[in-house]
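Each remark here refers to the structure printed beneath this line.
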Amino acid sequence: MAAAAKAAPKLVVRTFNKINAAGLSRFDPSMFQIKEDNNDGAHAILLRSHKLQAGDVPLMCRSIARCGAGTNNCNVPLMTDLGVPVFNTPGANANAVKELALCGLFLASRGVMEGATRMEELHQSGEAHAQIEKVKAQFGGRELAGKTLGVVGLGAIGAAVLKAALDLRMEVVGFDPALSVDAALKLPGHRIRIVDSLEDLAKASDYISLHAPSNEHTNGMISTQILSQMRTDACILNFARGELVDEAALAHHFDNGGSGRYVCDFAVGPELSPRSNVIVLPHLGASTDEAEENAAAMAADTTALYLQTGTIRDSVNFPTTTLPARLDTVQRVCVVNENRPGMLGEILSVFGNAGINIVQQINTSKGDVGYNVIDIERLSTFDDVHFKSWDALQFLLTSLDGVKSTRYIYGTPASAKHAGYAVNFKGQVYGIGSVGGGPTLPSFGELLDEA
Ligand SMILES: NC(=O)C1=CN([C@@H]2O[C@H](COP(=O)(O)OP(=O)(O)OC[C@H]3O[C@@H](n4cnc5c(N)ncnc54)[C@H](O)[C@@H]3O)[C@@H](O)[C@H]2O)C=CC1
Ligand SMILES: O=C(O)C(=O)COP(=O)(O)O
């Protein structure tokens with residue numbers, strides 16, 4: 001009887017949070033294995049809001065994709081140091097968040113929540129029909145048309161929100177000190193007013209909607225100073241991140257005459273809850289079927305493309321890198337290194353010294369990260385003997401001072417020799433070998449603990 005064919009090892013994708021199944025189905029099952037419950041051997045991670053720990057990231061992991069926009073739940077600087085790109089899915093959930101931010105505008109301007117709660121009580125006590133026309137006077141509101149919305153952050157979500165606000169006949173002011181040219185060109189510039197400071201936006205707005213990322217520049221941006229510039233009855237909508245608002249300052253503002261509402265998609269601290277003018281939702285912004293599928297599909301495609309070809313798109317820490325197709329006759333070596341003078345020469349000399357011909361070489365960079373993709377001529381007999389020498393070559397490359405990680409891409413996808421992985425961690429080289437082979441390696445967290 002013929003021996004059963006050995007199953008080809010697969011690239012392992014570890015998921016955290018429930019990732020949309022239709023999105024995950026973009027991974028070709030003949031090449032990828034999805035693991036929901038353990039990190040063993042993961043080459044890539046897909047996650048939503050899970051707060052990623054270094055211990056969640058196995059040493060073989062070469063890609064982290066956030067199915068969504070905000071990457072503040074991943075330690076991006078640490079991943080950059082370790083040579084691991086972090087991807088996100090720009091715009092994939094923007095419509096979902098826009099719709100909920102519009103809902104936030106209505107919740108802020110009309111007594112929807114309080115009125116509905118009161119009606120529930122009245123139904124329970126059997127008084128609903130008798131009382132309805134009497135109680136409504138307690139829950140009156142104001143209209144949005146003619147009021148001014150201040151939008152902070154004019155990216156995918158901010159732009160969608162402001163366009164919808166214009167359709168509601170609101171005036172719009174916007175603030176975004178980091179606006180990209182692409183994003184600026186998509187704005188209806190003649191219909192909105194862009195201001196140069198958050199103070200100016202605060203002075204002009206009846207509603208302020210936050211759509212900036214959470215980082216060291218934006219956390220606490222709604223501060224005592226900004227609150228002091230706001231109109232007394234101005235409302236704040238926060239569908240970005242809780243950290244953007246200084247909650248103690250906002251509580252003080254409410255305790256000292258601020259009569260607007262705060263509608264937010266994130267849990268708040270005891271200063272703000274419970275208060276009748278604070279409406280908190282359980283991080284629902286991106287939780288629609290459509291957004292979940294869009295984000296998961298985009299993250300899956302970006303991850304598969306990077307693992308299979310080295311191409312980088314939508315990374316928050318690595319340079320966008322468009323690569324020509326790899327010919328069957330070449331082996332692709334991807335090197336992540338510190339972006340400093342001399343590195344490229346040192347990397348190329350490893351190949352020169354080994355007498356290996358470089359077919360093409362592409363170098364890109366972003367911040368501290370240099371990314372080199374080097375296609376080299378393959379030996380005509382690419383057997384186990386040569387593989388050992390490729391391992392040695394990868395060891396040399398990875399050992400270079402300033403190299404963060406290296407990876408081989410070769411063979412046909414899902415064959416045993418599809419990709420080799422190595423990482424340089426504090427001068428030591430770990431993880432040489434092909435996909436699916438080698439001993440179980442530690443996680444970055446375990447190495448950090450040792451260091
Ligand atoms: N509630 C939820 O479920 C969701 C929340 N979000 C949050 O919304 C944020 C924005 O998402 P997108 O619009 O998709 O991202 P984006 O990257 O398209 O837009 C963010 C914009 O904020 C701007 N910005 C940066 N620093 C700023 C500052 N100091 N002041 C004002 N603007 C600043 C950027 O220049 C950019 O134009 C995400 O970072 C995330 O934290 C995103 C999706 C879902
Ligand atoms: O995309 C984002 O930044 C979000 O906040 C959405 O988070 P979620 O995917 O719903 O956990």
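Source: prediction; values computed, not measured. First listed ligand is number 1; within each ligand, the first listed atom is number 1.
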Just wondering, more than 12 heavy atoms not from [X] lying within 6.0 Å of its [atom1]?
X	atom1	result
R340	CZ	yes
I132	CD1	no
K35	NZ	yes
R231	CZ	yes

Would the F266 and H283 ring centres measure less than 6.0 Å apart?
->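 Yes - the distance between ring centres of F266 and H283 falls below the 6.0 Å cut-off.
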Does the pair R261 and N277 meet the rule for a side-chain hydrogen bond (donor to acceptor under 3.5 Å, both in side chains), with working shown?
-> CA-CA 5 Å; R261 289 185 180 149; N277 61 341; over 6 Å; no
Identify the protein heavy atom lying closest to [atom], giving its residue, its atom name and the separation to 0.1 Å.
atom	value
atom 30 (N) of ligand 1	P177 CD, 3.3 Å
atom 9 (C) of ligand 1	A212 O, 4.0 Å
atom 22 (O) of ligand 1	P213 CD, 3.4 Å
atom 26 (N) of ligand 1	T218 CG2, 4.0 Å
atom 7 (C) of ligand 1	A240 O, 3.5 Å

Proximity to ligand 2 by part of [X], non-hydrogen separation under 4.0 Å:
X	answer
N17	neither
S49	both
R241	side chain

For [X], take its heavy atoms, then give the atoms of ligand 2 lying under 4.0 Å from any of them.
X	result
G70	1 (O), 2 (C), 3 (O)
R48	8 (P), 9 (O), 10 (O), 11 (O)
A69	1 (O), 2 (C), 3 (O)
H283	4 (C), 5 (O), 6 (C), 7 (O), 11 (O)

For ligand 1, which part of [X] has a heavy atom less than 4.0 Å away: the side chain, the backbone, both, or neither?
X	value
D176	both
I157	both
H217	neither

N/O donor-acceptor pairs under 3.5 Å from side chains in residues 55-72, not counting sequence neighbours:
from, atom 1, to, atom 2, distance (Å)
D56, OD2, H50, NE2, 2.8
D56, OD2, Q53, N, 2.9
R62, NH2, A422, O, 3.2
R66, NE, R48, O, 3.4
R66, NE, G70, O, 2.8
R66, NH2, S49, OG, 3.2
N72, OD1, R241, NE, 3.0

Answer yes or no: is there a donor N or O on one side and an acceptor on the other, between the side chain of Y371 and the main chain of G310, under 3.5 Å?
->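 At least one qualifying donor-acceptor pair exists.
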Donor-acceptor pair, R275 side chain versus E271 backbone, under 3.5 Å?
->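 Side chain of R275 to backbone of E271, a donor-acceptor pair under 3.5 Å: yes, one is there.
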Is any N or O atom of N72, backbone or side chain, closer than 3.5 Å to an N or O atom of ligand 1?
->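 Looking only at distances, the answer is no, because the N/O contact criterion of under 3.5 Å is not met.
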Does an N or O from A286, backbone or side chain, lie closer than 3.5 Å to an N or O of ligand 2?
->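 In this structure, A286 places no N or O atom under 3.5 Å from an N or O of ligand 2.
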Before signing off on this row, confirm whether G68 and ligand 2 have an N or O atom pair separated by under 3.5 Å.
->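 Such a contact does not occur with ligand 2.
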Begin with the C-alpha distance, continue with both residues' side-chain angles, and end with the deciding distance and a verdict on side-chain hydrogen bond (donor to acceptor under 3.5 Å, both in side chains) for D375 and Q360.
-> CA-CA 5 Å; D375 284 352; Q360 65 180 342; 2.9 Å; yes
Are R66 and ligand 2 in contact, using a heavy-atom cut-off of under 4.0 Å?
->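 It does, in that a heavy atom of R66 comes within the 4.0 Å cut-off of ligand 2.
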